[in-house]
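Here is the structure we will look at, set down as structure tokens.
The chains referred to below are lettered A, B, ... by the order of the sequence lines, with proteins before strands, and numbering in each begins at 1. Worth saying up front: this structure is predicted, and the values here are computed from it rather than measured. Hydrogens, waters and symmetry mates are skipped; everything else that's a heavy atom, side chains included, is used.
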Number of protein chains: 2
Amino acid sequence: MELRHLRYFIAVAEEGNLTVAAEKRLFVAQPSLSRQIRGLEQELGTDLLIRGARGVELTAAGRVFLDHARIALLQVEAAAEAARHAARRKPRSSSDF
Amino acid sequence: MELRHLRYFIAVAEEGNLTVAAEKRLFVAQPSLSRQIRGLEQELGTDLLIRGARGVELTAAGRVFLDHARIALLQVEAAAEAARHAARRKPRSSSDF
DNA sequence: GTCGTTTACGGGGATCGTAATAATA
DNA sequence: TATTATTACGATCCCCGTAAACGAC
């Protein structure tokens with residue numbers, strides 16, 4: 001699993017639709033997005049979406065995964081921001097200055 | 001940034017050494033690991049490691065990033081486990097049964 | 001001089017985009 | 001029938017491994 005899977009799934013879950021999530025939020029083609037989601041479901045061993053003609057709906061597992069995925073993604077962004085912030089205070093190491 | 005970067009960095013930080021982290025924990029070649037770490041530092045805009053002949057040492061930013069990266073990775077694993085657990089309770093959707 | 005990291009180069013796998021197909025309401 | 005997701009296929013990009021070079025103690 002990679003962060004791409006989380007980003008893709010969150011976008012699909014929020015849009016409730018693979019097509020619009022692909023072109024209006026992720027800027028990738030629908031086939032790519034569809035396969036990434038399939039791969040994620042396969043790795044988890046469970047379906048996350050219920051596909052329909054009017055879009056997609058989350059399964060129970062999908063709803064649970066969505067909540068956790070959002071937190072995980074925010075945590076990653078927090079990690080990057082924290083590192084940048086620390087770097088501004090002490091550009092190299094604690095033994096400088 | 002991808003989860004691979006977090007996994008690689010954590011292994012290097014814990015081993016204090018690129019070579020041993022590569023072959024004893026990540027099972028990849030050192031050059032691959034070195035480039036991934038470089039790419040991560042470049043994306044963050046700051047150094048995470050101080051390279052030396054006896055291995056590597058963490059910068060201040062590296063220490064901060066390590067703490068957050070560990071949490072993020074655990075959160076991702078928790079997301080997967082939560083989804084699998086939810087799937088065992090309700091295999092498809094809430095409207096089943 | 002030895003240990004460890006970095007660059008050079010070629011190969012392989014995964015992702016991607018376009019186009020065609022299937023499925024559902 | 002119209003909208004959406006999926007499969008087929010070819011191309012591209014990124015990561016990886018081996019080998020050589022660089023740097024620090």
Side-chain angles (χ1 to χ4, degrees), chain A residues 1-44 46-59 61-62 65-66 69 73 76 92-93 95-96, chain B residues 1-59 61-62 65-66 69 73 76 80 92-93 95-96:
Chain A
M1 196 189 324
E2 289 294 342
L3 288 179
R4 177 184 54 257
H5 295 112
L6 303 187
R7 293 192 253 260
Y8 284 13
F9 174 70
I10 290 171
V12 170
E14 291 180 349
E15 297 294 339
N17 184 303
L18 270 170
T19 306
V20 27
E23 65 187 15
K24 296 212 169 181
R25 291 205 23 193
L26 301 170
F27 305 104
V28 297
Q30 296 92 341
S32 288
L33 180 55
S34 179
R35 251 176 314 178
Q36 291 297 321
I37 299 293
R38 283 292 191 198
L40 175 60
E41 290 176 319
Q42 193 164 354
E43 179 173 353
L44 291 175
T46 177
D47 287 0
L48 299 174
L49 302 176
I50 302 170
R51 277 85 170 166
R54 286 254 168 283
V56 297
E57 179 188 352
L58 293 178
T59 63
F65 188 74
L66 176 61
L73 211 50
V76 171
R92 303 232 160 177
S93 81
S95 57
D96 291 352
Chain B
M1 195 188 322
E2 290 294 342
L3 288 180
R4 177 184 54 257
H5 295 112
L6 302 186
R7 293 191 253 259
Y8 283 15
F9 174 70
I10 290 171
V12 170
E14 291 180 349
E15 296 294 339
N17 185 302
L18 270 170
T19 304
V20 26
E23 64 187 17
K24 296 212 168 180
R25 292 210 19 199
L26 301 170
F27 305 103
V28 297
Q30 297 91 340
S32 287
L33 179 54
S34 178
R35 253 177 312 174
Q36 292 297 323
I37 299 294
R38 282 295 190 195
L40 176 59
E41 290 175 318
Q42 193 163 355
E43 179 174 351
L44 293 175
T46 178
D47 286 0
L48 299 174
L49 302 176
I50 303 170
R51 278 84 170 167
R54 287 253 167 281
V56 298
E57 179 188 351
L58 293 179
T59 62
F65 188 74
L66 175 61
L73 211 49
V76 170
R92 303 229 162 187
S93 80
S95 58
D96 290 351

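Nearest to the side chain of B/Ala53, among C/dT6, D/dC25, D/dA5, sits D/dC25. Comparing C/dT18, D/dA5, D/dC15 by their closest approach to the side chain of A/Pro31 singles out C/dT18. Minimum atom distance to the side chain of A/Arg35 is reached by D/dC9, of the listed D/dA19, D/dC9, D/dA5. For B/Arg4, taking side-chain heavy atoms from C-beta onward, the closest of the listed nucleotides D/dT7, C/dA8, D/dC15 is D/dC15. The B/Thr19 side chain lies nearest to C/dT5 when the options are D/dT6, C/dT5, D/dT4. Candidate nucleotides C/dG17, D/dA24, D/dT6 were compared by shortest atom distance to the side chain of A/Ser32, and C/dG17 ranks first. Out of D/dG17, D/dT6, C/dG17, the shortest distance to the side chain of A/Ala29 is found at C/dG17.
Look at B/Arg54 and you won't find any side-chain N or O under 4.0 angstrom from OP1 or OP2 of C/dG4. Phosphate contact (OP1/OP2 of D/dC15, side-chain N/O of B/Tyr8, threshold under 4.0 Å): absent. Not one side-chain nitrogen or oxygen of A/Gln30 sits closer than 4.0 Å to the OP1 or OP2 atom of C/dT18. Look at A/Asn17 and you won't find any side-chain N or O under 4.0 angstrom from OP1 or OP2 of D/dT3. A sub-4.0 Å separation between OP1 or OP2 of C/dT6 and a side-chain N or O of B/Arg51 is present.
At whole-Å resolution of the value, CG in A/Leu49 and P in D/dT4 are 16 Å apart. Atom CG in B/Leu33 sits roughly 14 Å away from atom P in C/dG4 (whole-Å rounding). Rounded to whole Å, atom P of C/dT5 lies 14 Å from atom CD of B/Glu57. Put simply, CD on B/Gln36 is 9 Å from C1' on D/dC14, counting in whole angstrom units. Whole-Å rounding puts the B/Leu26 CG to D/dC15 P distance at 15 Å. If you measure from atom CD1 of B/Ile50 to atom P of D/dA24, you get 14 Å, rounded to the nearest angstrom. Rounded to a whole Å, the CG atom of A/Leu18 is 14 Å from the P atom of C/dG17. Distance B/Ile37 CD1 to D/dC14 P: 18 Å, rounded to the nearest Å.
The pair A/Glu15-A/Lys24 does not count as a salt bridge, with every side-chain nitrogen at least 4.0 angstrom from each carboxylate oxygen. A salt bridge links B/Arg7 with A/Glu2; the closest basic N to acidic carboxylate O contact falls under 4.0 Å.
Between the CG atom in B/Leu40 and the CZ atom in B/Phe65 there is a gap of 4.5 Å [rounded to 0.5 Å].
A donor-acceptor pair under 3.5 Å is absent between the side-chain atoms of A/Gln36 and the main chain of A/His5, judged by distance alone. Not a single donor-acceptor pair under 3.5 Å links the side chain of A/Glu57 to the backbone N or O of A/Ile50.
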